[in-house]
Every structure is written in C-alpha cells, then in structure tokens.
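Contents: one structure, followed by commentary.
Remember, it's a predicted structure, so these values are computed and weren't measured experimentally. Below, chains carry the letters A, B, ... as their sequence lines are ordered, and counting in each starts from 1.
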Amino acid sequence: QEESIYVPLFTYRTGPFAGSGTPIANGMHDYLTLLNERDGGIGGVKLIVEECETGYDTKKGLECYESVKPKKPVIVNPWSTGITLPLIPKAAVDKIPVLSMAYGLSASAKGDTFPWIFNPPATYWDGFTQILQYIATQEGGGIDKLKGKKIGYIYLDASFGREPLPLIEQLSKELGFEAKLYPVAAADMQNQSSQWLSVRRDKPDYMILYGWGALNATAVKEAVKTNYPMEKFISIWWPSEDDAKGAGDGAKGFKTLNWHAVGADFPLLADIQKHVVDAGKSQVSGKDKVGQVLYNRGIYNSMLIAEAIRKAQEITGKKAVTGEDVRRGLEGLNIDEARLKEIGLEGFTGAVKLSCADHNGHFSTFVQSWNGTTYEKVSDYIAPMSDKVGPLLDADAKAYAEKNAPWPARAEACDAS
Amino acid sequence: MNAPETLLAVDGVSLSFGGVKAITDVSFDIRKGEIRAIIGPNGAGKTSMLNVVNGFYHPQHGRITYKGKTRPRMRPYQAASQGIARTFQNVALFRGMSTLDNIMVGRTLKMHRGLLWQMLRYGPAMREEIEHRRVVEDIIDFLQIEAIRKTPVGKLPYGLQKRVELGRALAMEPELLLLDEPMAGMNIEEKEDMCRYILDLNKHFGTTIALIEHDMGVVMDLSDRVVVLEYGHKIADGTPEVVKADPKVIEAYLGVGH
Amino acid sequence: MFYRETGQFKQSYAADQAVFPILQDRFGLAFILLIAFVAVPLFGNEFLLASVMVPFLILSLGAIGLNILVGYTGLLSLGSAAFMGVGAYSAYKLSTIFPGVNILVWILCSGFFAAGIGVLFGLPSLRIKGFYLAVATLAAQFFLQWCFVRISWLYNDNPSGAIEVPARKLFGLAITGPSATPVTRYLVVLVIVVVMTLLASNIVHGRIGRTWMAVRDMDIAAQLMGIRLLPAKLLAFAVSSFYCGVSGALMVFLWLGAAEPSAFDIKLSFLLLFMVIIGGLGSMIGSFFGAALIHILPIVIRMLPEALGLPIAAATVEHLTYLIVGALIIFFLIVEPHGLARLWQIAKQKLRVWPFPY
Amino acid sequence: MSEHASNAVEPARPMLSVNNIEVIYDHVILVLKGVSLTVPQGGIVAILGANGAGKTTTLKAISNLLHAERGEVTKGSIEFDGERVDSLSPNELVRRGCIQVMEGRHCFGHLSIEENLLTGAFTRRDGNRAIRDDLDMIYGYFPRLRQRRSSMAGYTSGGEQQMCAIGRAMMSRPKMILLDEPSMGLAPQVVDEIFEIVKDLNDKQGVSFLVAEQNTNMALKYATYGYIMETGRIVMDGDAASLRDNEDVKEFYLGIGGEGRKSFREVKSYKRRKRWLA
Amino acid sequence: MLYNIFIDPFVQMVQMPDLLVQTLWEGLVSGVLYALIALGFVLIFKASGVFNFAQGIMVVFSALTLVGFYEKFSAAGFSGHTAAFVALILTAGVMFVLAMLVERVVLRPLVNQPDIILFMATFGVTYVLIGFGEMVFGGDPKQMIASELFLPSGSVDVEMLGGLVSFQKIDIAAAVIASVMIVGLALFFQKTRIGRALRAVADSHKAALSVGISLNQIWVIVWFAAGLVALVTGIMWGARSDVSFALEIVALKALPVLVLGGLTSVPGAIVGGLIIGIGEKLGEFYWGPLLGGGIESWFAYAIALLFLLYRPQGLFGDKIIERI
Ligand SMILES: Nc1ncnc2c1ncn2[C@@H]1O[C@H](COP(=O)(O)OP(=O)(O)OP(=O)(O)O)[C@@H](O)[C@H]1O
Ligand SMILES: Nc1ncnc2c1ncn2[C@@H]1O[C@H](COP(=O)(O)OP(=O)(O)OP(=O)(O)O)[C@@H](O)[C@H]1O
Ligand SMILES: CC(C)C[C@H](N)C(=O)O
Ligand SMILES: [Mg+2]
Ligand SMILES: [Mg+2]
C-alpha cells in the first residue's frame with residue numbers, strides 16, 4: 001500500500017458562519033491540493049485531504065474529530081474556539097496536535113503546559129495590544145497617549161470575544177484608558193442597533209471589534225449608520241472584504257489587523273490558479289476570490305501545516321509522518337524569508353519560528369484599511385506588548401493547569417534546535 | 001321518618017358572565033340520600049349550577065352550604081376532597097389514557113405514596129396500587145366495562161365513554177354525585193342500564209345524586225324531587241308529580257306533548 | 001402469530017400492572033440490554049461509542065426529561081437546553097468546590113439544582129398554556145444562557161468563558177477527562193441512563209404519572225377529580241428538569257469534555273423537542289427512538305457517501321443531510337403522527353394478528 | 001311542495017346509495033363490515049343502533065371525513081345524486097349539496113354564533129341577500145340563537161351549540177343533510193322542534209335526510225325508512241312503520257315490553273345480561 | 001445601586017432627550033421588523049392553527065431567491081431595475097410554488113392532527129428549506145438589492161432637542177410598508193368571507209371540513225400570503241444587514257412579539273412588535289449596562305412573560321375558552 005499522510009480539514013460552508021468559513025476552507029484546501037497536484041504531496045508522500053463540515057457547531061466539530069481520529073490525522077485545525085477548547089486536553093492523549101491559528105485559548109501558547117496545542121502567529125491578547133499601540137500612534141505618540149481615552153469594545157459574546165476581557169481590565173487600569181464593553185449575543189448578530197445606540201451615547205474615541213460571521217458585516221453597517229468615524233474603528237483579524245463591502249462607500253477607512261498580504265500576486269497563488277482553480281479542483285465560486293483576505297488566511301494555515309509536515313519528515317527521516325512527528329515538526333517550525341521565497345510566497349508574510357516553550361511566536365501584525373474595493377496595508381508591523389501580555393499568559397496557563405488538575409506535566413522531549 | 005338532613009344548600013346564588021346572566025337568585029337544597037333532578041330548557045343555567053356547586057365557577061352573589069359548612073370561593077379540588085364528584089355534559093375523559101387509568105385517576109385523592117416510593121415502584125407503592133386496583137376492578141365489574149379496560153377512551157363510542165366517566169366519578173367514593181346529562185346519546189336499553197346503576201348507587205351506597213337530564217321519562221321515574229330552571233331563574237321545585245303538573249313548567253320546558 | 005399474548009394469563013393485579021406485561025416484550029428488553037451492555041462495548045469501535053452511543057444515550061435521557069413535561073403533562077417547553085445547562089454548570093461548580101467527592105455524585109446532584117430552577121420557571125405554567133407557555137419557557141432559555149455567559153463565578157472566571165472538565169476517577173478508572181476511554185464513558189452513561197429510565201418509567205406508570213396525564217388531557221376535569229394543578233405541574237417541571245439537568249451534566253462531563261454556554265443554546269432545546277415528538281409524546285421508548293432518529297440518522301447520512309465511495313463534498317453532504325432529515329421528519333409524521341413509538345405499537349399489533357391483515 | 005309530490009311518484013331514484021362499504025381505522029381496526037343503504041330523493045332515513053355500532057362511522061364515510069381521523073373506506077362505493085363520490089373532498093361534497101352535522105356539535109368556539117352560521121354559507125355563491133334571508137329563517141327556527149348571536153360559540157350551553165351546528169348546516173342550502181344524533185342534549189320540546197324542522201325542510205325544500213339517532217321513538221316517528229346496525233353491520237331494515245311494530249325493535253329500541261312502557265325504576269338488571277348471552 | 005436602577009436611567013432620558021428619541025426610533029424600527037416576521041406567523045396560525053416554525057427560514061429563502069434571480073438576470077444583461085423587478089415577480093412565483101408544495105406534501109396528509117404535530121412538521125419544512133437553500137445559493141452572505149428596488153438609502157438627520165437624531169430612509173420605508181400590509185390584512189380577516197373561513201379553520205379542521213370549507217385552497221392562499229410577507233421582511237432585514245442564513249435566528253425574536261400580541265391577532269403583531277422593540281431597546285440602552293449588557297437577548301421574553309401573566313392569551317389573542 002502506498003504511503004500517505006492524512007490531513008483532515010474542519011470547515012464550515014454551511015450555517016450562520018458560512019460567509020467567513022467558506023473562503024478559509026477554500027484557501028486551506030487549494031494549497032494542499034496544489035502540493036498534491038504539483039509536487040505529488042510533501043516529500044513524495046501524497047496528502048489525503050478531507051473536509052469535515054462542522055457548521056461552527058461544537059458538537060458537530062467533536063463528531064468530526066471522533067470520525068477522523070481512527071484515520072490517524074497528523075494535525076487538526078478546528079477553526080472555532082468552541083471546538084478547540086474540548087480538544088485541548090484530548091490532544092495529548094490522542095497524540096494529535098491541534099493547530100488553532102490565531103484563535104483558541106491564548107494561554108495555549110505556552111508549550112510547556114500545552115505541548116500539543118499551537119496557535120501562531122499571535123494570540124487574541126497580542127492582537128488587542130497591537131490595536132492599542134496602533135491607536136497610540138494615531139494619537140501621535142507612545143502608549144501613554146491612551147490615558148484618558150475612551151475605547152469601545154464590541155464583541156461576539158462567546159469564548160472568542162470574551163478572551164480579551166481580563167486583559168482589557170488590567171490594561172485599562174495600567175494605561176489609564178476607559179473601556180466600554182458592547183457584547184453582542186450570537187442570536188443578535190444581525191441586530192446590533194442597541195449596541196450602536198450606546199456607542200452614540202458613549203462616544204468612544206476608538207472602537208475595537210472582535211466579531212465573526214455576520215456580526216462583522218452588521219457592525220460595519222451600523223457604524224456607518226451611526227456616523228462613527230471609520231478610521232477609528234479597528235478590528236481583530238477576522239473581517240473579510242464582503243463584511244466591509246455591504247456598507248458601501250461609508251465603510252472606507254475601516255481597519256483590521258492582518259499579518260499577511262492580500263491579493264493573488266504571488267507565484268504560489270499563480271500556481272494554485274493554474275493547477276487547482278483552472279483545473280476545476282477548487283470550490284471557489286469565482287477567480288476573484290483567490291487572494292481575498294480569508295482565502296489567503298486559509299493559505300497561510302495550510303502553509304503552516306505543510307511546513308510542519310516537512311519539518312517532521314526532516315527531523316524523523318520518515319516519510320509518512322504521524323501526529324507525534326508533526327508535533328515535533330511544529331515545535332521546530334522555522335519559515336524564514338528564504339523558505340518563503342522557495343514556497344512562492346515572498347513578501348506574503350513575516351518569518352515564522354516556533355519553539356518548544358513558545359507555541360505562538362507572538363509575531364507582529366499590521367493594520368490594513370478598507371478602500372472600497374480591497375484592504376490596503378496602512379501601518380508597519382506592530383509587535384505585541386509582550387511585557388504586559390507575557391505575565392498574564394503565564395498566570396493563565398498555570399491557572400488552567402490547576403483548575404484541570406491533575407494536568408499532565410509535559411512529558412514530550414524537546415528537539416532542541 | 002325524622003326530618004331528612006340537608007347535604008347541600010344553595011342560597012340566593014347569582015352568576016353572570018359579562019352581560020350574560022346565567023343564574024339569577026336561585027335557592028334550593030339537596031337532602032342526604034336523595035336523587036335530585038335539575039331540569040330546564042337549553043341554556044337555563046343547569047350546567048352552570050353544577051359548576052357553581054363544585055367550585056369551578058364562583059357566583060357573584062349567594063352562598064353554598066355543604067355539609068353545614070359555608071365556604072366562600074371553594075376551589076374545585078377542595079370540592080373533590082369533600083366528596084363531591086361529577087360527570088360532564090360534553091364527555092371530559094382523559095382521552096389519551098385507558099379506561100382503567102381514567103378510573104384510577106379517580107382514586108388519586110385516596111393514594112398517598114410519594115415520589116420516592118413511586119420511583120421504586122415495588123414495595124409500598126405497588127401494594128397501594130393493587131389495593132386501589134381492586135376497588136377499581138369492582139367498579140369496572142359493576143359498570144360491565146371489563147372488555148374495554150385497556151382501550152384508550154378516545155376510541156370508545158360515546159355511550160361507553162359516558163359510562164367510563166361515571167366509573168371515574170364513582171372511584172372517588174363521593175357523597176354527592178353530580179351527573180350532567182348522563183344519558184344523552186344513549187338508546188333505551190343503555191338508558192335503562194344507566195338508571196339501574198344510578199338507583200343501585202343511591203340505594204346501596206347511599207350516595208346523594210344531583211341529576212341533569214332532558215329525558216323526562218328518566219327524570220320523573222328516578223328523582224325524588226325536581227328543580228326547574230328557566231333563563232337562570234328557578235320556576236318550580238318539588239316532587240315529580242307536582243312539577244309535571246305545573247303550568248309554568250309545561251309552558252317553558254315540557255311542551256304539551258308530555 | 002409469533003407475537004401473541006393469548007395464553008399469557010395474569011394471576012395477580014401486580015402482574016397485570018407490570019410495565020411489560022407480555023413475555024415477548026420482556027425477552028426483547030433483556031436482549032437489548034444484553035447487546036447494550038455486552039455486545040456494543042465489546043465490538044463497537046471508538047467512533048461508535050464516543051460519537052454515536054454516548055451522545056445518543058445522553059440525548060435520550062434529556063428527551064425523557066422533556067417528554068415528562070411535554071408528552072406526559074402536556075406543557076410545551078423550549079427551555080430544556082437551559083435546564084441541561086443548569087445541570088452542567090452546577091455539576092462543574094460542585095466538582096470544583098468539592099473535588100474529593102466522586103464526580104458521579106455531583107452529576108446526579110446537579111439534577112436537584114436544575115429541578116429547583118425548573119420549578120421556578122414552571123410557576124407561570126399555572127396561568128399560561130400551549131404555545132404561549134412555550135414562549136415563557138424561552139424566557140428561561142435565554143435568561144439562563146445569558147447567566148452562563150455573564151456570571152463568571154459559574155465558570156470559575158476562566159478566561160475562555162467555558163467550563164472544562166477535570167479528570168476524575170471511579171474505582172481507579174478514569175471516567176472523565178481526556179484519558180477516560182470511550183468504553184468506560186459509555187458504560188457509565190449507560191448505567192445511569194438505564195437506571196434513570198427505569199425510575200422514570202415507574203413514576204409515569206404510577207399515580208403521579210396518571211396525575212400528569214390527567215392534567216395533560218383535560219386539566220379542568222383533573223381539577224374536579226381533586227388534582228391540584230400547580231403542584232402537579234411543578235412536580236412535572238421538577239422531575240423533568242432533574243432529568244434534563246443530569247443529562248446536561250453528563251453531556252459536558254462524559255461527552256463534550258468542555259462546554260461554552262452556546263452548547264446549551266436554543267438549537268439543543270429544539271432538537272430535544274424534535275426527539276420527543278418524532279419519537280412519540282408520552283412514551284419512554286419513544287424518547288429513545290426519537291434520539292436515535294435525530295442524532296444517529298444524520299451521522300449515517302453523513303457517512304453514507306464515503307462508505308459507498310461516492311466523492312461528494314463535505315458541504316454538499318451537509319446540505320443533503322438537512323434535506324433528507326427534514327423530509328424524513330415530515331414523512332414519519334405523516335405515516336404516524338403519534339410518533340415512532342406508536343408505529344412500533346402498530347407493528348406489534350400487526351405481528352399479533354399476522355398472517356392476517358386484521 | 002310540488003317537487004316533493006313529483007318525487008313521490010317515482011321514488012326509485014336514490015339520492016344517496018352506499019354499497020357494501022368497509023371501513024378501517026388506523027390500518028388495523030375494522031369497524032364497518034359491509035354496510036349498504038339507500039336514501040331516496042326527498043326521503044328521511046334513520047340509522048338506529050347501539051353505541052359503537054358504527055353509525056357515526058357510516059356517516060363520516062359518506063361525507064368523506066374519515067381521512068381526518070386516520071380511517072379509510074377500503075371496499076365498496078358511495079354514490080350521491082347519481083355520481084360516485086368516494087374520492088371527492090368534503091368541500092366538493094358540500095358544494096354538491098351533501099352536508100353533515102357532526103356528533104358532538106363541533107362549533108367554532110372562537111367565532112360568534114352568527115359567524116358560525118355564516119361559515120355554513122361558505123360554499124354558496126348566491127349573494128349576500130339570500131344568505132341574510134336564510135339567516136333570518138334560522139333565527140326563526142331557533143329563537144334562542146338570535147339571543148346569543150354575538151356570543152362566542154365556545155361559551156354557549158350544550159343545547160345552544162347543538163342548535164348552532166344544525167343551523168350552520170342548513171345555511172349551506174343542501175340537498176341532503178346527514179344528521180348525527182341531533183337530539184342529543186336538547187330539551188324535549190326542542191327535540192320536537194328539530195324534528196319538525198326536519199320535516200318542514202323535507203316537505204318544503206325537498207331536502208333528504210339521513211339521521212343517526214338513539215332516540216328511536218322520535219326517529220321512527222319522522223323517518224320513512226330505517227336501518228338497524230349492530231357492530232358494523234346492518235342487521236335489519238324496513239320502512240318506519242314496520243320497524244315500529246317489530247317486537248324486537250319494540251323491546252330493545254323503544255323500551256316497550258309486552259305490557260307497554262315500563263318505569264325506569266322497575267327495570268331489572270337481568271335484562272342487561274341478555275345481550276351478553278345473545 | 002437602587003439609584004442606578006430606578007433614578008439614573010430617567011435622569012439620563014431627561015438629560016439627553018435626543019438620545020431618547022433616537023432610542024425610541026430604533027425601537028420602533030426593530031419593532032416594525034419583528035412585527036413583520038410575527039405577521040407571517042400570525043397569518044398561518046390564524047388560518048390553520050399551525051405554528052409555522054419555518055417562517056424565519058422562509059424570510060431567508062425568499063430574500064436569497066430574490067438576490068439569486070437578480071444576479072442571473074443582471075448577468076444576462078438586464079438593467080438593474082428591470083432585473084430587480086423581474087426577479088421580484090419570479091420570487092413571488094417561487095413562494096407560490098412553495099405554498100402549493102407545503103400544502104400538498106405536508107398539510108394535506110396531516111389534516112386534523114394536534115397542533116404540536118403540525119408545528120413539528122414545519123420543522124421538517126425548515127430543514128428542507130435550509131438544505132435546499134444552501135445547496136442552491138451557497139452559504140455566503142449576499143447584498144440585498146435595495147436600491148435596485150427603488151428603496152431609499154441614506155438618512156435624514158434632524159437637529160432637535162440639542163442633538164442630532166438620524167432617521168434611516170430605509171427604516172422609514174419599512175415602517176410605512178409594514179403598516180400598510182398590516183392594516184390590509186387585519187381588514188381582510190375581520191371583514192371578508194374568506195377571512196371568516198380562515199378563522200374557522202384555525203378553530204377546528206374537522207368542523208371546517210364538514211361545512212365545506214376547502215382546507216387545501218385556504219392553505220395555499222395563506223401560505224402564499226405568508227410567503228409574500230416573508231419576502232418583504234427579507235428585503236427589509238436584508239437591507240439592514242446581509243442576506244444570509246444567520247438571519248434565520250432573528251426569527252426567534254418574533255416569538256415574544258407574537259405571544260405578547262396574541263397568536264391570532266394581526267393588530268396584535270404590530271402592537272406587540274412595538275412594545276417589544278421599544279421595550280427591548282430602552283431596556284438594553286438604559287438598564288443593560290448595569291447588568292453587564294446583552295440583556296436584550298432575554299429582555300423581550302421577560303416583557304412578554306409579564307404581559308402573559310396578566311393576560312394568558314396575549315393582548316389581542318382569542319380568549320382561551322374554559323367551559324365544561
Ligand atoms: N363561561 C361562560 N362564559 C359565558 N357564558 C357562559 C359561560 N358558561 C355558561 N354561559 C352561558 O350561561 C347560560 C347557561 O349555560 P348552561 O351551560 O348552564 O346551560 P344548561 O342549562 O346546562 O343548558 P343545556 O341544557 O343546553 O346544557 C348559557 O346561555 C351560556 O351561554
Ligand atoms: N378514530 C377511531 N379510531 C379507532 N376506532 C374508532 C375510531 N372512531 C371510532 N372507532 C370505533 O369504531 C366503532 C364504531 O364507532 P361509531 O362512532 O361509528 O359508533 P356509533 O354507532 O356512532 O356509536 P354512538 O352511538 O356511541 O355514537 C367503535 O367501536 C369505535 O370504538
Ligand atoms: C476560529 C475563528 C476563525 C473564528 C472565531 N474568531 C473563533 O475564535 O472562534
Ligand atoms: Mg348543560
Ligand atoms: Mg355516533
């Protein structure tokens with residue numbers, strides 16, 4: 001029997017979050033398909049790529065997990081903070097690494113406590129400090145400029161949106177800004193008028209958005225309606241082009257974080273266009289979809305997977321690597337500029353390097369702004385405020401282990417690189 | 001014979017719904033051990049009267065005295081626990097349950113084992129259940145409905161449903177039994193059966209019975225005394241013979257044919 | 001011809017009052033239990049145990065709880081998921097406050113908290129009926145769910161806002177947490193569900209059950225039989241919520257392993273209601289049928305193309321699943337509006353007279 | 001009147017004929033086992049029989065209301081006014097002039113009495129005037145209804161609902177009315193009135209009637225022909241007069257033993273046993 | 001604390017009257033939109049006693065169909081407005097076909113079944129529509145073609161009470177259209193022969209059959225009407241956010257409205273909508289922050305529950321008949 005590597009993709013092309021889930025699914029899928037089509041897999045081993053539809057629903061997600069488990073997946077990426085949480089304790093037992101790329105439990109960045117969970121390139125906490133720093137520069141200076149400012153935080157009232165709350169509490173005290181919270185229940189995603197009324201009353205100087213699915217689109221529309229100054233409305237990295245487009249011209253100036261390029265101007269994407277899309281092996285609904293924010297997010301995610309597998313092959317010398325090998329591969333992940341160029345993604349994103357202790361990297365991100373048709377990069381790369389986030393992260397990882405006692409101590413050796 | 005004891009006294013009762021006056025200032029009494037008929041044209045307020053007696057409606061004026069006690073605003077379950085049972089004009093059985101279960105419900109007030117024993121089922125709860133099942137089987141025997149013991153009542157023909165309803169009321173071992181048109185929709189033979197049951201009950205168990213019925217043959221033959229209502233007013237009260245001859249009753253209700 | 005009660009006479013009322021008066025039924029039940037306790041754990045693979053059987057049993061338990069309310073007492077409720085949540089959160093709190101006590105104790109105790117809350121939200125049922133009551137229970141659903149989000153004490157201030165299941169043991173065997181094997185989890189759940197089903201079945205076949213059904217079928221007449229509506233309804237709410245609560249606790253501790261408030265959202269309430277209606281209102285076995293149809297059928301449909309080797313995209317499968325499940329719901333309702341349990345009865349009736357049509 | 005007279009000359013033409021029908025409920029419960037009957041045009045025909053004999057089922061089979069109760073006609077045929085009607089929908093049948101008054105009233109509880117009556121005219125197309133006139137006619141028949149015209153039907157007394165149900169059927173100006181236990185729950189003089197109305201409609205408008213009735217006395221007084229049902233079969237039929245004189249009918253359905261009507265007090269329980277033995 | 005609950009909100013109302021007006025307006029607008037969804041429920045409930053759970057998904061489905069058709073036609077080279085209106089008519093046609101199918105396949109075989117069974121059957125319909133809809137239209141959100149349908153956009157800003165209150169034109173249009181529809185339907189039910197027949201059917205299928213009301217025809221009419229209401233609702237909601245399956249959840253918001261107004265009352269839908277819409281916004285805006293926000297999710301139900309305790313059949317619903 002021919003050797004192969006099984007990579008399941010948990011996706012959601014249905015349900016209320018399909019709008020965000022579909023481009024990501026396409027990006028992830030097309031990249032891996034390209035590797036199969038063009039290179040015959042990774043290191044000569046074919047990838048078996050299989051989608052499992054979760055509908056962003058935790059129960060279905062777990063069902064997907066159980067159904068792929070017997071097929072020995074080398075990695076899973078749940079694409080939902082809700083699905084990630086129950087998988088965190090399971091991963092070590094089942095020996096399947098979890099890649100929750102820039103979502104999930106922030107504390108899982110701590111490789112010592114969570115040897116099987118990886119969440120590069122930045123956590124939601126990092127993202128929040130990056131937005132704060134951007135605001136500070138807009139105010140024309142250092143982080144102390146935040147003092148006395150009023151900052152509104154509108155978020156999906158679920159584990160994802162609530163993640164930053166402890167951080168906000170602490171930072172608002174330390175940095176002297178006033179935080180206003182506007183939670184949006186999942187059922188009210190498309191019905192945010194009360195929140196925006198409050199915004200109208202509170203007149204925050206800046207608004208920060210942590211949304212997903214229809215929440216983003218509605219928030220942008222409501223902001224336009226409320227005449228909220230768009231350039232002061234900054235989101236975490238999840239909104240898409242569609243989310244901004246619906247609000248028309250008014251949405252120009254809407255900002256989000258990002259850590260990779262938008263657009264299809266990369267050799268790799270050209271290859272995808274040629275080998276996958278044109279060959280009818282992709283599910284994208286139009287050529288213009290290739291290169292959009294969330295499509296490229298999917299690309300980035302698959303790049304991490306592919307590189308981790310490659311690294312695992314390198315470390316172990318095996319071809320058909322297993323989940324355990326890929327975990328080591330992820331810890332040894334080191335994608336530098338040169339490697340990016342090889343891949344065909346030069347300039348697409350910054351270098352990625354993980355380690356046994358740091359499963360996140362806490363990399364810099366930049367701010368991009370909606371110009372009516374696409375997002376443009378408008379800032380330099382901003383590093384997270386690790387001095388603030390770091391201790392919190394340590395404390396949180398510790399608290400997690402305590403609450404879930406007996407939490408197994410890390411037994412996995414570290415391939416010191 | 002010394003003066004018969006009064007079981008229930010209705011005293012100046014008036015009841016209205018919005019503008020509709022269902023009962024206006026009606027007084028009468030029911031003696032212990034008698035069969036008391038209430039008759040009158042449609043819409044006269046007979047059913048409403050029964051509803052007042054067992055606390056389902058609360059009259060605006062007047063008093064009800066039962067066993068010497070007057071209770072303002074009695075609740076239906078209180079009436080039940082005081083020994084008042086009834087059947088209904090439009091059959092009001094528990095449609096989803098079998099005949100047996102329907103009659104068993106009539107025993108509810110007499111069963112006391114709590115939730116925990118019920119959960120275990122075996123032991124005291126079962127003993128209690130069987131004890132009451134015996135009583136219920138006696139009633140089933142008496143009413144000759146053995147064959148439909150396990151049939152869901154919703155599927156029974158109308159006449160049998162009425163019989164089951166009677167059984168359910170009997171299971172409460174009532175002192176006062178209110179029967180609302182128990183013989184509607186029955187043929188002669190079945191009416192005869194029904195009459196037999198009513199008389200047996202009255203004679204052997206001494207159950208006091210208040211009876212609403214439109215079949216004059218039945219009413220005149222069975223009852224000891226008759227109250228006649230019309231448009232919510234009492235127009236006559238007395239023995240069947242007296243009432244039958246009362247011109248007001250003949251005009252309002254019986255018609256000349258009878 | 002094979003299925004006949006003729007010749008099986010009962011000598012006592014006790015025998016006649018039995019839940020399964022007919023011999024063949026008792027054999028059938030024993031056979032099913034045998035399969036459940038022996039065959040499934042021996043031969044079932046992990047997926048079957050962890051993703052099919054465990055959820056199926058837990059959902060069945062929830063459906064039994066809801067059935068007590070909707071099917072037996074006739075009170076339409078759309079808040080069952082929230083009561084499951086109450087069970088889950090109280091089990092979580094209890095087990096973290098008193099980690100020494102065995103987790104199973106807390107799972108069962110959590111039912112009492114759910115029962116308490118259930119009674120509270122059952123109070124309006126005295127005045128409000130039918131679909132109106134359903135909306136009143138929706139108030140419970142949304143309010144409680146909001147509490148799970150907003151009261152951080154409930155989830156020990158976890159930044160994730162979710163409750164995470166600690167690893168706990170019974171007789172040295174892990175029953176919760178990641179290292180609990182599906183087989184152990186399955187057996188624990190199975191025992192609890194079987195026992196609780198038995199208890200529920202006893203209740204509904206006794207005086208209290210009759211009281212509930214009387215309230216359901218004609219509350220006015222029930223009152224005149226001496227049944228006090230409010231206590232009867234509140235008891236139904238309490239017992240029902242107890243079952244939902246335990247089922248919720250089981251769901252988090254033995255199935256999901258961690259849960260966000262959204263695990264107990266309105267969709268779950270609806271799902272339970274589906275199960276109860278499709279399975280058969282007022283039927284214990286119906287709750288299992290319903291849970292099987294609603295939970296297992298989509299899994300089968302989802303697996304089918306792969307098993308047949310048909311290359312259908314995951315999303316398309318999902319669409320088809322929706323389509324087929326929807327169509328099947330309608331189909332089953334048309335074939336037998338009283339649910340699968342009734343269908344089962346009719347099948348037995350046919351067996352009884354077989355080979356004659358009637 | 002003249003119409004009726006001409007019918008009398010050729011009584012052969014049946015308004016309704018039911019041929020050997022079989023009805024099954026829930027796919028398993030066989031209730032009617034081959035029932036045949038005919039109602040001649042302009043006739044009043046009674047179906048008599050004990051509880052559960054299948055009278056109601058027969059009437060529902062005719063008006064095609066069985067579907068709503070998971071019952072179906074599995075054998076036989078039904079003809080109304082010379083046409084097969086087994087597969088027509090109930091409203092088609094009403095349109096053709098055959099309407100049923102169901103046992104147990106079934107008024108629309110949330111509609112007022114008058115609205116109830118007006119729904120009866122749903123299938124009519126002859127304009128508001130005619131409908132108004134008929135409404136007046138019905139109030140003429142049942143003055144009690146006029147008094148309660150704006151009450152919600154659900155709150156009216158049992159007898160009032162019964163009148164409402166009958167009146168509602170009359171509002172459709174039918175050629176034939178299927179009456180299921182019309183006398184149930186009505187005061188004696190109203191029962192007389194109802195049967196007088198039946199006769200009146202029959203005479204004046206030539207409406208045919210099929211009446212299922214427990215009040216055998218009444219039924220046989222007004223009917224021209226009668227059928228007696230027992231457990232899903234017709235066991236006896238004949239014209240009303242001959243049935244009235246039949247000894248068995250007298251004994252079991254009219255309650256007149258050898259020596260005239262007995263008091264209900266004197267009936268002995270042995271009599272009940274008789275059926276069990278038979 | 002007591003001050004915060006009982007005094008402060010009112011002080012705020014007085015101090016910032018412009019915001020109060022704005023809040024009331026937002027409440028009014030969402031109330032109208034809730035009322036539109038509730039109206040679809042009421043129509044079907046009133047006319048068949050069926051509590052149509054599928055109403056929410058019908059909103060999404062009709063809106064998606066509209067946009068889908070539009071995309072096809074504009075791709076085929078029709079101009080914006082022509083394409084939009086052709087699409088509108090075709091969508092109405094689709095809703096008609098849907099009504100026929102539902103009647104034929106679901107309702108007819110289930111005639112005279114208990115309410116809860118029919119309720120359940122509409123769940124089946126919901127599933128089918130979700131599956132079918134996503135299969136045909138895909139899951140990604142679409143833009144509503146508001147301007148192509150001559151719906152206004154932008155806002156009217158009025159300076160008043162020391163502040164700026166802005167009224168969205170699309171909201172004004174929604175309010176007007178909804179009022180017209182509701183008045184029309186209320187008249188239809190109370191005054192016409194068919195309206196009376198509809199109420200009779202809701203009361204008892206069996207009795208309605210026996211007096212010759214054609215259930216089949218009536219159901220098609222009603223479901224079609226509800227489909228059209230869904231279409232209008234879909235356009236209005238779609239114009240406010242996106243057209244996507246997430247909208248389905250909003251339908252739940254109609255339930256308290258429905259209950260508050262009474263399941264069978266057309267005017268009840270609008271009054272209930274306004275009470276809930278305004279109450280909810282006021283509650284969230286003035287009292288929400290005290291409780292940590294997000295109370296909107298249950299506040300509507302709490303309001304409805306309070307009203308129900310007082311009137312168990314809703315404000316305008318048919319009385320629950322208790323008579324024995
Ligand atoms: N809950 C109620 N609301 C309004 N009106 C009512 C109510 N109950 C009874 N009525 C009215 O009161 C009057 C008396 O009704 P009741 O049922 O007592 O009559 P009845 O004597 O039993 O008549 P029948 O012989 O026809 O059964 C009727 O006109 C009825 O419409
Ligand atoms: N929906 C049903 N499902 C099953 N069995 C039924 C159903 N309706 C009636 N039956 C059965 O059919 C038989 C005939 O009933 P039917 O109602 O026709 O009798 P009937 O002659 O009208 O009696 P009654 O004089 O009591 O009205 C009865 O034995 C009854 O149990
Ligand atoms: C997984 C993400 C893409 C979606 C969402 N932001 C979450 O954390 O759940
Ligand atoms: Mg009466
Ligand atoms: Mg009958």
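- Nearest approach of D:H106 to E:A207, heavy atoms of both residues: O-CB, 3.3 Å.
- With chain D as partner, the option from E:Q113, E:H205, E:R199, E:R196 having the largest number of non-hydrogen pairs under 4.5 angstrom is E:R196.
- Without hydrogens or angle criteria, E:D203 side chain to D:G109 main chain gives a donor-acceptor distance under 3.5 Å.
- Identified under the salt bridge (charged side-chain N to carboxylate O under 4.0 Å, His left out) test for residues 108-124 of chain E, with sequence neighbours left out: E:E103-E:R108.
- Within a 6.0 Å sphere centred on CZ of E:F188, other residues, nucleotides and ligands contribute more than 12 heavy atoms.
- Rounding to the nearest 0.5 Å gives a distance of 4.5 Å between NZ of D:K60 and NZ of E:K206.
- Within the 4.5 angstrom heavy-atom criterion, atoms from both the backbone and the side chain of D:L118 approach chain E.
- With chain E as the partner, the residue from D:T123, D:L111, D:N64 showing the most heavy-atom pairs under 4.5 Å is D:L111.
- Considering D:I99, D:L65, D:L93 as possible partners of E:S210, the one that fulfils the side-chain contact (heavy atoms from CB on, under 4.5 Å) test is D:L65.
- Surrounding CG of D:N128 are at most 12 heavy atoms belonging to other residues, nucleotides or ligands under 6.0 Å away.
- Every residue meeting the salt bridge (Lys or Arg N to Asp or Glu O under 4.0 Å) condition with D:R129, not counting sequence neighbours, appears here in chain and number order: D:D133.
- Taking each heavy atom of D:N91 and E:S214 in turn, the nearest pair found is ND2-CB, 3.0 Å.
- Atom CD of E:Q217 sits in a sparse spot, with 12 or fewer heavy atoms from other residues, nucleotides or ligands closer than 6.0 Å.
- Using a 4.5 Å cut-off between heavy atoms, D:R96 does not touch chain E at all.
- Interatomic distance, CD of D:Q100 versus CG of E:L209, reported as 11.0 Å (0.5 Å rounding).
- Both the backbone and the side chain of D:T119 have a heavy atom closer than 4.5 Å to some heavy atom of chain E.
- In this structure, E:V201 and D:F108 have side chains that are not in contact, with every pair of non-hydrogen atoms separated by 4.5 Å or more.
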